[in-house]
Chemist: 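Take this structure, written in structure tokens, and hold onto it; I'll ask about it next.
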Amino acid sequence: MINTNQRTELHSGAYGMVTENVRLSSLTTFHLGGPCDLLIEVTSEKEALRTIRYLRSNDIPFMILGNGSNLLVRDGGLDGVVVKMGTAFSDVTVNGNVVTAQAGAALAKVAQASFQAGLTGMEALAGIPGTVGGGVIMNAGAYEREMKNVVSSLHAINQNNALCTLTREEMNMGYRTSRMMQEGMVVTEVTFTLEPGNPEAIRAKAEEYALRRRTKQPLDKYSAGSTFKRPQGHFAGALIEQAGLRGYAIRGAQVSEKHCGFLINNGEAKAADVLELIAYVQDTVKKQSGVDLEPEVRIIGKE
């Protein structure tokens, strides 16, 4: 827990914009999750470093939040602090074929900046509903493209509370994992190296991917994106459909009718409903096909 002196210090103005008792359902794409003690929205790399150092040195539990996608917060919420890297920390700059983005920048914002500069490489990633910080940590991907294909370097706060720079080779990026994830680093800035291309062709390709998303994914529903990782040799959505679970619901949580790889909140779900549905889907698919489904969505918080 955070004591009175720590609260006073965190409210001093040296650590970003502080808000008390924020319900995380308002900050996640699932629209689920209980409250946190404090929300701190950082506005610069120096502020992020100062905040993380203070929290760690005082043994205050914290988590980093970007756009709140790929995240399921339990109904009991979180003890401690949520450090948000969002719109207040989201500058994007373009220099030649190099795009540099602060961790809170949406991947869509980075992609649009690259398109305007006539740079190719971000078309398939433009629709991922996350920030560059979270995206690079989990090596987010879509349509056979991943962050590791376009990222060249990043800044991060390591476990020694030092700001470091990693090259792509040093990131050890794999399927939905990275060195940053394994070592608990906090990413603050990401650099992309892209290729020049034909602006009209880039726009057309990006729109093609966007159309595929609109027609095949439940973008009009609350979700965290793909709920399960892709099992080796299979597709999670296909396995769930083959198990007869298209549209299956537990209270307000439902397997999407549009894409079985997405579990959705129909507007009345609790996190507990989604967790129960995840377990039911895993058990049913295991019995039907013998395949273990591993959640891709990150599950955190108290019951």
Side-chain angles (χ1 to χ4, degrees), residues 22-36 63 65-78 82 108 127-130 134-135 138 140-143 175-176 209-303:
V22 175
R23 291 198 66 83
L24 295 174
S25 57
S26 67
L27 298 174
T28 63
T29 59
F30 238 146
H31 285 236
L32 297 170
C36 62
M63 67 157 284
L65 181 71
N67 192 47
S69 59
N70 197 52
L71 184 67
L72 175 58
V73 181
R74 293 185 175 94
D75 298 308
L78 297 167
V82 171
I128 295 175
M138 70 170 292
Y143 303 114
Y175 179 65
R176 303 300 179 263
Y209 285 122
L211 178 62
R212 289 170 67 178
R213 281 190 171 89
R214 291 195 298 270
T215 55
K216 296 182 179 180
Q217 297 180 10
L219 302 182
D220 59 334
K221 304 293 186 182
Y222 300 143
S223 80
S226 297
T227 306
F228 301 99
K229 293 181 181 179
R230 181 186 299 177
Q232 188 170 5
H234 300 276
F235 291 97
L239 292 173
I240 295 167
E241 181 173 11
Q242 290 161 15
L245 295 176
R246 180 180 292 275
Y248 184 85
I250 294 179
R251 295 176 290 279
Q254 183 180 9
V255 176
S256 170
E257 295 270 8
K258 201 168 189 179
H259 190 312
C260 292
F262 288 66
L263 303 192
I264 62 173
N265 167 13
N266 273 332
E268 299 181 356
K270 295 182 177 180
D273 301 335
V274 177
L275 289 167
E276 187 175 339
L277 182 57
I278 287 173
Y280 183 82
V281 168
Q282 288 174 312
D283 183 61
T284 304
V285 168
K286 177 69 172 179
K287 290 176 179 176
Q288 173 78 18
S289 63
V291 176
D292 291 308
L293 290 182
E294 180 183 353
E296 180 173 317
V297 62
R298 183 183 174 200
I299 300 169
I300 60 171
K302 305 180 294 184
E303 297 290 349

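Heavy-atom basis, side chains included; hydrogens, waters and symmetry copies ignored.
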Chemist: Can you tell if the side chain of Ile240 reaches within under 4.5 Å of the side chain of Tyr248, non-hydrogen atoms only?
Modeler: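 No, every pair of side-chain atoms sits at 4.5 Å or beyond.
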
Chemist: Quick check against the 3.5 Å criterion: does Asn265 have a side-chain atom that pairs as donor or acceptor with the backbone of Phe30?
Modeler: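 Side chain of Asn265 to backbone of Phe30, a donor-acceptor pair under 3.5 Å: yes, one is there.
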
Chemist: Can you check whether Gln254 reaches Lys221 side chain to side chain, under 4.5 Å on heavy atoms?
Modeler: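 No, every pair of side-chain atoms sits at 4.5 Å or beyond.
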
Chemist: Going by the rule side-chain contact (heavy atoms from CB on, under 4.5 Å), which residues pair with Leu219 if we only count those two or more places apart in sequence or in a different chain?
Modeler: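 Once residues adjacent in sequence are excluded, the partners of Leu219 under the side-chain contact (heavy atoms from CB on, under 4.5 Å) criterion are Arg213, Arg214, Gln217.
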
Chemist: Before accepting this row, confirm whether a basic side-chain N of the pair Lys270/Asp75 lies closer than 4.0 Å to the acidic partner's carboxylate O.
Modeler: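 The answer is no: the pair does not qualify as a salt bridge.
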
Chemist: Hey, what do you get for CZ (Arg246) to NZ (Lys258), rounding to the nearest 0.5 Å?
Modeler: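 It is 11.5 Å, given to the nearest 0.5 Å.
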
Chemist: Could you walk me through whether Leu32 and Val274 pass side chain to side chain contact (heavy atoms under 4.5 Å, CB included), step by step?
Modeler: CA-CA 9 Å; Leu32 297 170; Val274 177; 3.6 Å; yes

Chemist: Between the main-chain N or O of Arg212 and the side-chain N or O of Thr215, is there a donor-acceptor pair closer than 3.5 Å?
Modeler: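 Yes: the side chain of Thr215 pairs with the backbone of Arg212.
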
Chemist: For residues Gln288 and Gln242, report the shortest heavy-atom separation together with the two atoms involved.
Modeler: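 So the minimum-distance heavy-atom pair works out to NE2-O, 3.7 Å.
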
Chemist: Within a strict 4.5 Å, meaning less than it, do heavy atoms of the Glu303 and Arg74 side chains meet?
Modeler: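 SC-SC contact between Glu303 and Arg74 confirmed.
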
Chemist: For Leu293, does its backbone N or O pair with a side-chain atom of Gln282 as donor and acceptor, under 3.5 Å?
Modeler: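 Checking the backbone N and O of Leu293 against the side chain of Gln282, a donor-acceptor pair under 3.5 Å is found.
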
Chemist: Mind running side chain to side chain contact (heavy atoms under 4.5 Å, CB included) on Arg251 and Glu276 for me, showing each step along the way?
Modeler: CA-CA 10 Å; Arg251 295 176 290 279; Glu276 187 175 339; 2.5 Å; yes

Chemist: For a side-chain contact (heavy atoms from CB on, under 4.5 Å) with Ser69, tell me which candidate from Thr29, Val297, Ile128 qualifies.
Modeler: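 For Ser69, the side-chain contact (heavy atoms from CB on, under 4.5 Å) test succeeds with only one of Thr29, Val297, Ile128, which is Thr29.
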
Chemist: Enumerate, atom names and distances included, each donor-acceptor pair closer than 3.5 Å involving a side-chain atom of residues 226-238, sequence neighbours excluded.
Modeler:
from   : atom 1 : to     : atom 2 : distance (Å)
Thr227 : OG1    : Leu263 : N      : 3.0
Lys229 : NZ     : Glu294 : OE2    : 3.1

Chemist: Test of understanding: with side-chain hydrogen bond (donor to acceptor under 3.5 Å, both in side chains), list the residues that count as partners of Arg23, not counting sequence neighbours.
Modeler: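 Checked Arg23 against side-chain hydrogen bond (donor to acceptor under 3.5 Å, both in side chains); zero matches.
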
Chemist: Within the structure provided, determine whether Leu27 and Val73 are in side-chain contact (heavy-atom separation under 4.5 Å).
Modeler: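 Sidechains of Val73 and Leu27: no contact.
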
Chemist: Is Glu296 close to Tyr175 at the side-chain level, that is, under 4.5 Å between some pair of heavy atoms?
Modeler: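 Yes, close enough: below the 4.5 Å cut-off.
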
Chemist: Hey, are the side chains of Leu24 and Leu71 touching, using non-hydrogen atoms and a 4.5 Å cut-off?
Modeler: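 Side-chain contact under 4.5 Å: no.
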
Chemist: Roughly how far, to the nearest 0.5 Å, is CD1 of Ile300 from OG1 of Thr28?
Modeler: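 Going from OG1 on Thr28 over to CD1 on Ile300, the span is 9.5 Å.
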
Chemist: Could you check whether atom OH of Tyr222 has more than 12 heavy atoms from other residues, nucleotides or ligands sitting under 6.0 Å from it?
Modeler: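 Count not over threshold, so no.
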
